[in-house]
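Structure first, then comments.
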Amino acid sequence: MPPQPPAPTSADRDALLSTLTRIADALERIAPRAATAPDLNAADAFVWHPSPARLDPVPKVNRVDLVLLRGIDRMRDVLAENTERFARGLPANNALLWGARGMGKSSLVKAIHAETNERLARREGERSLKLVEIHREDIESLPALMSLLKADPHRFIIFCDDLSFDNDDTSYKSLKAVLEGGIEGRPQNVIFYATSNRRHLLPRDMMENERSTAINPGEAVEEKVSLSDRFGLWLGFHKCSQDEYLDMINGYAAHFGLAYDRERLRAEALEWATTRGARSGRTAWQFVQDLAGRLGIRLEA
């Protein structure tokens, strides 16, 4: 018979136990923390952070009043109606707000959320509608966020601002599955609103490259276009005319009580847009901020 190894001593057992304890402690430190149930009554708006998974409340949302958003009446009415239906528990669509920069896409989402909650507050027993912002780089964590929200009695708008995908980015595939194509599908109490400068969320050269190099160009492009098809609402925002731009300026000036000569206001507003090479809602707001600063007036909604 081969010789038997000596029985471990008490010191050997203590050393082994100490080693195992250190390994267990190290594994516990690097393991992701379990998501804690958020206090969704803390605010009406939250920002999602996936690591560690948490929803940070936003006590005061950076937004403008809906009445100040000019030149986008049709998009305003369509999105407001869709949001109202969703808040009442009726069928509603995911929405993609796409188009020109600075024309109020993200401002419209935040303003309609606030206005919808004002109406809900006047109805007895109605829960407020929650707005949850997810950053573009965290899109792959969208399934985890939806799992966290689906059992809650509130209804949620998940909002991603400036959503787009680059050539080497494949996370758009997970977004497609989450929005409509997955086994579970989108939870009934969740809707997804996104803004983008691109109608199909993908750069044109990416789609053209697929068309030119794929064995079946039509199928390659179809897969990428099908991402935007997951949004039932496409709301296009286009560059504003000079009259619409000046209407925005006049609306801001009246709302904030900026007493200024009308002709001088018009001339300075047009010069401001010319020096920036663009007319948009953002340009109008920046001019009004500059004007208010020169007049020594605080802009408080």
With a 6.0 Å cut-off (strictly less than), is the heavy-atom count around [atom1] of [X], excluding the residue itself, greater than 12?
| X | atom1 | answer |
| --- | --- | --- |
| Q188 | CD | no |
| R262 | CZ | no |
| N62 | CG | no |

Any chance you could measure [X], atom [atom1], to [Y], atom [atom2], to the nearest 0.5 Å?
| X | Y | atom1 | atom2 | result |
| --- | --- | --- | --- | --- |
| L233 | N82 | CG | CG | 4.5 Å |
| L97 | L108 | CG | CG | 6.0 Å |
| F46 | D39 | CZ | CG | 7.0 Å |
| L295 | D290 | CG | CG | 9.5 Å |
| L291 | L258 | CG | CG | 5.5 Å |
| N189 | K150 | CG | NZ | 10.0 Å |

Start with the C-alpha gap between E115 and R119, add the side-chain angles, then the distance that decides, and say whether salt bridge (Lys or Arg N to Asp or Glu O under 4.0 Å) holds. CA-CA 7 Å; E115 187 187 68; R119 288 197 298 272; 3.1 Å; yes

Test item: [X] and [Y] side chains (from C-beta on) under 4.5 Å apart, heavy atoms:
| X | Y | value |
| --- | --- | --- |
| F156 | L148 | no |
| I191 | R155 | no |
| S107 | L69 | yes |
| T195 | F237 | no |
| K239 | R279 | no |
| N197 | K105 | yes |
| R230 | R186 | no |
| T116 | E84 | yes |

The criterion is side chain to side chain donor-acceptor pair (under 3.5 Å); which residues satisfy it with [X], sequence neighbours excluded?
| X | value |
| --- | --- |
| R70 | D247 |
| T83 | Y193 |
| S280 | T283 |
| S106 | none |

Any link between [X] and [Y] through a network of hydrophobic side chains (Ile, Leu, Val, Met, Phe, Trp, Tyr) touching at under 4.5 Å?
| X | Y | result |
| --- | --- | --- |
| M75 | L66 | yes |
| L79 | L120 | yes |
| V61 | V67 | no |

Could you tell me which non-hydrogen atom of [X] sits nearest to which non-hydrogen atom of [Y], and how far apart they are?
| X | Y | result |
| --- | --- | --- |
| I139 | C160 | CD1-SG, 4.1 Å |
| G257 | I297 | O-CD1, 4.1 Å |
| G104 | I72 | O-CD1, 4.3 Å |
| A292 | L299 | CB-CD2, 3.5 Å |
| A111 | D65 | CB-C, 4.5 Å |
| G281 | M103 | N-SD, 3.7 Å |

Quick one: sort the H49 and H135 rings into parallel, tilted or perpendicular, breaks at 30° and 60°. perpendicular

Could you work out the complete set of other residues in the hydrophobic cluster of L90, with links drawn between I, L, V, M, F, W and Y side chains under 4.5 Å apart? none

I'd like to check the salt bridge (Lys or Arg N to Asp or Glu O under 4.0 Å) partners of K130; sequence neighbours left out, ordered by chain and number.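 Per chain and number, K130 pairs via salt bridge (Lys or Arg N to Asp or Glu O under 4.0 Å) with D44.
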
Tell me, please, which residues at least two apart from R76 pass salt bridge (Lys or Arg N to Asp or Glu O under 4.0 Å).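 If we apply the salt bridge (Lys or Arg N to Asp or Glu O under 4.0 Å) test to R76, skipping adjacent residues, the hits are D73.
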
Partners passing side-chain contact (heavy atoms from CB on, under 4.5 Å) against [X] (at least two apart in sequence or in another chain):
| X | answer |
| --- | --- |
| A80 | I112 |
| S141 | W48, P50, I134, D138 |
| E244 | C240, S241 |
| A284 | Y245, M248, I249, Y252 |

Ignoring hydrogens and angles, tell me if any N or O in the side chain of [X] forms a donor-acceptor pair with the backbone of [Y] under 3.5 Å.
| X | Y | result |
| --- | --- | --- |
| H113 | L129 | yes |
| D56 | V47 | no |
| S196 | D162 | no |
| D261 | E263 | yes |

Salt bridge or not for E81 and R85, using N-O below 4.0 Å?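 Answer for the salt bridge query: yes.
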
Flag the pair E133 and R63 as a salt bridge only when some basic side-chain nitrogen lies within less than 4.0 angstrom of an acidic carboxylate oxygen.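 Looking at E133 and R63, the cut-off is not met.
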
So which pairs with a foot in residues 266-276 pass side-chain hydrogen bond (donor to acceptor under 3.5 Å, both in side chains), sequence neighbours left out? Y260-E268, R264-E268, E268-R294

Set out, in order, the CA-CA distance, both residues' side-chain angles and the distance that settles side-chain contact (heavy atoms from CB on, under 4.5 Å) for L96 and L163, then state yes or no. CA-CA 9 Å; L96 173 63; L163 178 63; 5.8 Å; no

Residues L149, D152; criterion side-chain contact (heavy atoms from CB on, under 4.5 Å); working and verdict: CA-CA 5 Å; L149 301 179; D152 193 271; 5.5 Å; no

